[in-house]
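First up is the structure itself, then whatever we jot down about it.
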Number of protein chains: 2
Amino acid sequence: MSNSREQSIQQAMTVFWQKGYVGAGMRDIQTALDKRPGSIYAAFGNKEGLYLAALEVYTQGIADRLIACSHAAEPLDALKEFLGTPLLQNDEDTYMRQCLIVKTQADWLELPEGIQNSLRKALGNVRDGLIAVIEAAKAKQALAESLPTEQAATWLQGQFIALRTMATTVDDASSLSWMLDKMFSDLKKQW
Amino acid sequence: MSNSREQSIQQAMTVFWQKGYVGAGMRDIQTALDKRPGSIYAAFGNKEGLYLAALEVYTQGIADRLIACSHAAEPLDALKEFLGTPLLQNDEDTYMRQCLIVKTQADWLELPEGIQNSLRKALGNVRDGLIAVIEAAKAKQALAESLPTEQAATWLQGQFIALRTMATTVDDASSLSWMLDKMFSDLKKQW
DNA sequence: GAAACGTTTGAACGATCGTTCAGAAATAAA
DNA sequence: TTTATTTCTGAACGATCGTTCAAACGTTTC
C-alpha cells in the first residue's frame, strides 16, 4: 500500500478543492494519489465515493474548529480568527480561499443526488457549529441574549460565503480585513 | 438563418447559466440553439467566444439596471428591489438565483485566460454600477456623505454574492427576505 | 515451498468532449 | 438563369472522460 486511506482522502480533497467535483478528472486524482485506477475504485467505489469521503473530512474539520471556537475564552474573537485566516492564504494556495462546500455547490445541477444531499448536510453541520459559537458568546455576555440565534447563524453563513468568495478575486488584503471587521460589528449591532 | 445572433446568445446564456462554463457541453448548446456545430463555430469562433458574448450581454443587463436604479427617485429602494427579485425565482428557474458571473468564477482555475480577464472586467462593471447607486443615494441624502463609497460598493458586492449563493440552497423565502432587510439596515448604519 | 487471500497494476472500453471541414443549401449579384 | 458568395449541415477527428477486469504481486497460513 503506497499510501494510507487517510492520506489518499487528504490528497483527493486537495484536487477537488482546486478543480471542483466536475473539473477534477480521475486521472488528476490518480496522479495526486500515485495510485492506479483499480486501487482507487477498490477502495472508494467510484469518483462520487471518493468525493464524499473527502467532503466528510473537510466538513468535520470545520465543525471541530467551530466547536473549539465555542469553547474559547472569547468565542467571537476565535471565530473571527477562524474566518479571517484562510482569506490571505499564500499565493500558491489561493484555492484554499474558497470554501470547498460552496465551490462544489456552484455545480449543483450537474451533481449526483448523493453529493447534493451530502452538501446539504455539510452546510447544516457548519450552521450547527455557528449556532454553538453564538450560544457560547451569549453565555459570556459577548452577544445580547435577545439576538435571534437561528437567524444570526444563517446570516453568518452568508457573510462567510461572501468573504471566501471575494477572497478568490480580490487580492487586496485590507478590503477583506475591514469587511471582516464590519461583519462582526454588524453582528453585535441591533437586529 | 434559423435564429438571429442575439437570440443565439440569449439561448447560450441560459445553458451556461444552468450548467456553468465547464459543465455546458457544445452539444447542449447545439440543441438549445437548434444549430449544427459548424454554424456556431462560424459565428462565434469557439466555446469561449460564445461564452464571452453571453457574458457581455449578461453583464450589460446588470449594469443597465443598476444605472436605472441610480436614476430612480429612491435609489436604495430600487436597488433593494433589484437585488431581491431574483432570490425567489420560480422553481423552474432556480438557476437564475445564482449570478452567472459568480457561478463561472467558481471554476476559476479551469477557465481560459480570456474568460478570467472578462470575469474580472464584469465584476468591475457591476461594482461601478453599485458606486453610481451609492453616489445617487448620497446626493438624495439617503446615505451619509461620510460613507466611504468604494468600500461600501465592495461590501455591497459581497452581500449580493452571499444572498444569491444562499438562495440556491435555502428555499426559505423569509430567511432571504430579512437578510436583505438587514443588509440595507447595515448599509445605512455607521461604518 | 505451496496454497489461499487481498491488493495493485495498467491496458482497454464505450461515451462524451471541443472542434474541423468538405460538401449541400440558401442567398445575392450578374 | 447563371454565377458568385455566404451560410449551414453533419459525419468524423483526436483527446479525454469515468470505469472495468484479467493478470501480476505481496502477504499470510499451513
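All chains are named by letter (A, B, ...) in the order of the sequence lines, taking the proteins before the strands, and each is independently numbered beginning at 1.
Judged by closest nucleotide on DNA chain C, A:P37 is the one of B:V22 and A:P37 placed further toward the 5' end. In terms of position on DNA chain D, the residue among A:Q30 and B:A43 whose nearest nucleotide sits closer to the 5' end is B:A43.
To the nearest angstrom, P of C:dG10 lies 10 Å from CG of A:D34. Here C:dG18 presents its P atom at 13 Å from CD of B:E110, a figure rounded to the nearest Å. In this structure, the CD1 atom of A:I115 is 13 Å from the C1' atom of D:dG18, given to the nearest Å. In this structure, A:I40 places its CD1 atom 17 Å from P of D:dC21, rounding to the nearest Å. Going from atom CZ of A:R27 over to atom C1' of D:dT20 covers 12 Å, rounded to whole Å.
Each of C:dG10, D:dG18, D:dT9 was ranked by its minimum atom distance to the side chain of A:R36; first place goes to C:dG10.
By the 6.0 Å and 45° rule, A:K47 stacks over the aromatic ring of A:Y21. Geometrically, B:K103 does not engage B:F16 in a cation-pi contact, judged by NZ or CZ lying under 6.0 Å from the ring centre and within 45° of the ring axis. Taking the centre and axis of the six-membered ring of B:W155, the NZ or CZ atom of A:K182 falls inside the cone set by 45° and 6.0 Å.
The phosphate of D:dT9 has OP1 or OP2 within less than 4.0 Å of a side-chain N or O from B:S39. Regarding contacts with the backbone of D:dT20, every side-chain N or O of A:Y41 stays at 4.0 angstrom or more from both OP1 and OP2.
Ring geometry for A:Y58 versus A:W17: interplanar angle over 60°, hence perpendicular rather than tilted (30 to 60°).
Backbone-only contact: A:G25 has heavy atoms under 4.0 Å from sugar-phosphate atoms and none from a base.
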